[in-house]
K.L.:
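Have a look at this one.
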Protein chains: 2
Amino acid sequence: MQNPGNFVREQVTTVRETVDRVAGSVAETVADAPSVSAVSSSVGDFIREQRSAARVSLRELARSAGVSNPYLSQVERGLRKPSAEILASIARGLKISAESLYEQAGILDRRSGNPDTVAAIRSDDALSERHKAVLLELYETYVREHRASAPAAG
Amino acid sequence: MQNPGNFVREQVTTVRETVDRVAGSVAETVADAPSVSAVSSSVGDFIREQRSAARVSLRELARSAGVSNPYLSQVERGLRKPSAEILASIARGLKISAESLYEQAGILDRRSGNPDTVAAIRSDDALSERHKAVLLELYETYVREHRASAPAAG
DNA sequence: CCCGGGTGCTAGCAGTTGCAAGCGGAGGAG
DNA sequence: CTCCTCCGCTTGCAACTGCTAGCACCCGGG
């Protein structure tokens with residue numbers, strides 16, 4: 001049995017080529033997904049920014065987030081890399097979405113297109129995971145093409 | 001200009017057939033697995049279901065995900081709680097979205113029921129009308145296929 | 001029989017997370 | 001001045017993650 005990853009990738013490639021041929025001018029650029037490894041200390045900076053923007057002390061955020069204040073301190077200064085659970089708790093304490101923190105932490109990709117569409121596809125129960133992957137790949141290709149041909153003002 | 005509806009339908013049909021041909025056996029096995037429809041409470045179960053649905057050995061997934069095979073084994077059996085980084089790696093190895101895994105892990109809230117993917121695509125500024133139509137057709141084809149293979153899911 | 005390679009699982013170890021306890025400093029009440 | 005509370009930070013430790021090495025089992029070939 002082949003590697004399923006390659007399998008899906010092949011499917012997507014085939015889809016893209018087919019659509020490309022019949023539908024017109026699809027740019028060839030198919031950038032691979034950005035690596036997870038870019039876990040930066042920017043999470044800590046982000047948290048601290050959000051916290052001071054909300055005028056909340058470290059201890060208070062720690063309390064409302066349900067983590068210890070020393071640990072939150074270390075997280076904010078980049079000395080510790082919090083687990084996703086802690087991250088989610090902190091997000092709750094800050095009343096921001098966990099996705100934002102995950103993106104900052106580099107464990108969730110920021111998709112290039114309209115986040116609503118991406119989220120809609122990803123959370124659609126009527127699609128298999130592999131079909132989601134195909135649709136998202138195709139969607140991103142379209143978005144890239146659209147940007148290239150009609151760079152709409154932001 | 002031709003009738004855009006027919007144009008799109010033709011293209012999508014071609015796409016659909018191509019994907020079907022390439023995916024073929026895999027689509028069958030994936031659809032055969034209860035994993036996609038069944039909501040398991042633990043990440044490990046979900047991972048194992050996805051893995052066996054893709055007919056991949058534990059060691060192979062471990063290799064493609066970049067984690068050790070004993071650890072993946074323990075994660076699948078719920079003996080270890082993987083960090084978000086590992087979770088993201090496994091998601092990449094499985095070629096599924098990290099969000100799905102995070103939801104399974106309970107570190108991301110499950111999105112509300114069944115979001116209106118169609119509406120999201122229709123209202124997406126980053127897509128041309130024709131691309132919207134292609135995506136919508138492909139989407140509906142996938143939904144139909146999913147319904148046929150995993151009807152109602154209990 | 002005895003290898004070599006495949007599957008998944010167990011044991012034990014370094015490195016890390018995340019916490020409780022405690023530090024010095026700033027500010028207000030007596 | 002002393003006492004108290006709050007601030008953020010440092011220390012030291014239990015618990016955990018995630019790894020390497022190795023186990024038992026199964027299969028096909030010499």
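Just so it is clear, the model here is predicted, and its values are computed rather than measured. Below, chain A is the first sequence line, B the second, and so on; all start at residue 1.
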K.L.:
Output the residues of residues 54-61 of chain A in contact with DNA chain D, where contact means a heavy atom of the residue under 4.0 Å from an atom of the strand; sort by number or write none.
P.N.:
A/S57, A/L58, A/R59
K.L.:
For A/E145 versus B/H131, what's the shortest heavy-atom pair and its separation?
P.N.:
OE1-CE1, 3.1 Å
K.L.:
Look at A/E60 together with A/R63 and state whether they make a salt bridge at an N to O cut-off of under 4.0 Å.
P.N.:
no
K.L.:
Nearest 0.5 angstrom please: B/E137 CD to B/Y142 OH, how far?
P.N.:
12.5 Å
K.L.:
For DNA chain D, determine which residues of residues 64-71 of chain A have any heavy atom closer than 4.0 angstrom to one of its atoms, and list them numerically.
P.N.:
A/N69, A/P70
K.L.:
For a side-chain contact (heavy atoms from CB on, under 4.5 Å) check, start with the C-alpha distance between A/E129 and B/Q50, then their side-chain angles and the critical distance, and finish with the verdict.
P.N.:
CA-CA 9 Å; A/E129 293 297 333; B/Q50 290 294 320; 4.0 Å; yes
K.L.:
Could you check how far CD1 of B/I47 sits from C1' of C/dG8, rounded to whole Å?
P.N.:
16 Å
K.L.:
Does a side-chain N or O from B/R80 land closer than 4.0 Å to OP1 or OP2 of C/dC9, or not?
P.N.:
no
K.L.:
In chain order, what residues pass the side chain to side chain contact (heavy atoms under 4.5 Å, CB included) check against A/E85, with sequence neighbours excluded?
P.N.:
A/S83, B/K81, B/I107
K.L.:
Given side-chain contact (heavy atoms from CB on, under 4.5 Å), test A/I47 with A/L101 step by step and report yes or no.
P.N.:
CA-CA 8 Å; A/I47 291 174; A/L101 278 188; 3.8 Å; yes
K.L.:
Per the end-axis method with five pairs at each terminus, what is the bend angle of the helix from C/dC1-D/dG30 to C/dG30-D/dC1, to 10°?
P.N.:
10°
K.L.:
Of the listed nucleotides (C/dG12, C/dC9, C/dG18), which one gets closest to any side-chain atom of B/R77?
P.N.:
C/dC9
K.L.:
Check the pair B/F46 / B/I96 against side-chain contact (heavy atoms from CB on, under 4.5 Å), numbers first and verdict last.
P.N.:
CA-CA 11 Å; B/F46 183 74; B/I96 66 178; 3.7 Å; yes
K.L.:
What salt bridge (charged side-chain N to carboxylate O under 4.0 Å, His left out) pairs are there with at least one residue in residues 68-78 of chain B, not counting sequence neighbours?
P.N.:
B/R48-B/E76, B/R51-B/E76
K.L.:
In this structure, how many angstroms lie between the C1' atom of C/dG8 and the CD atom of B/E76, rounded?
P.N.:
10 Å
K.L.:
In whole angstrom, give the distance that lies between atom CG of A/L72 and atom C1' of C/dG18.
P.N.:
12 Å
K.L.:
What I'd like to find out is whether the side chain of A/L94 reaches to under 4.5 Å of the side chain of A/L61, using heavy atoms alone.
P.N.:
yes
K.L.:
Walking along DNA chain D from 5' to 3', note the first and the last nucleotide with an atom under 4.0 Å from a heavy atom of chain A, and give both.
P.N.:
D/dC7 to D/dT11
K.L.:
How do B/Q74 and B/R63 order along DNA chain C: which one's closest nucleotide is nearer the 5' end?
P.N.:
B/R63
K.L.:
For B/D125 versus A/H146, what's the shortest heavy-atom pair and its separation?
P.N.:
O-NE2, 3.4 Å
K.L.:
My understanding is that only residues two or more places apart in sequence, or in another chain, count here; which of them pass side-chain hydrogen bond (donor to acceptor under 3.5 Å, both in side chains) with A/S52?
P.N.:
none
K.L.:
According to ring pair (Phe, Tyr, Trp, His ring centres under 6.0 Å), does anything in residues 68-104 of chain A pair up with another residue at least two apart or in another chain? List the pairs.
P.N.:
A/Y102-B/Y102
K.L.:
Return the minimal non-hydrogen interatomic distance between B/A98 and A/L108, and the atom names on each side.
P.N.:
CB-CD2, 4.1 Å
K.L.:
If you compare every side-chain N and O of B/R48 against the phosphate oxygens of C/dC9 (OP1, OP2), does one of them come in below 4.0 Å?
P.N.:
yes
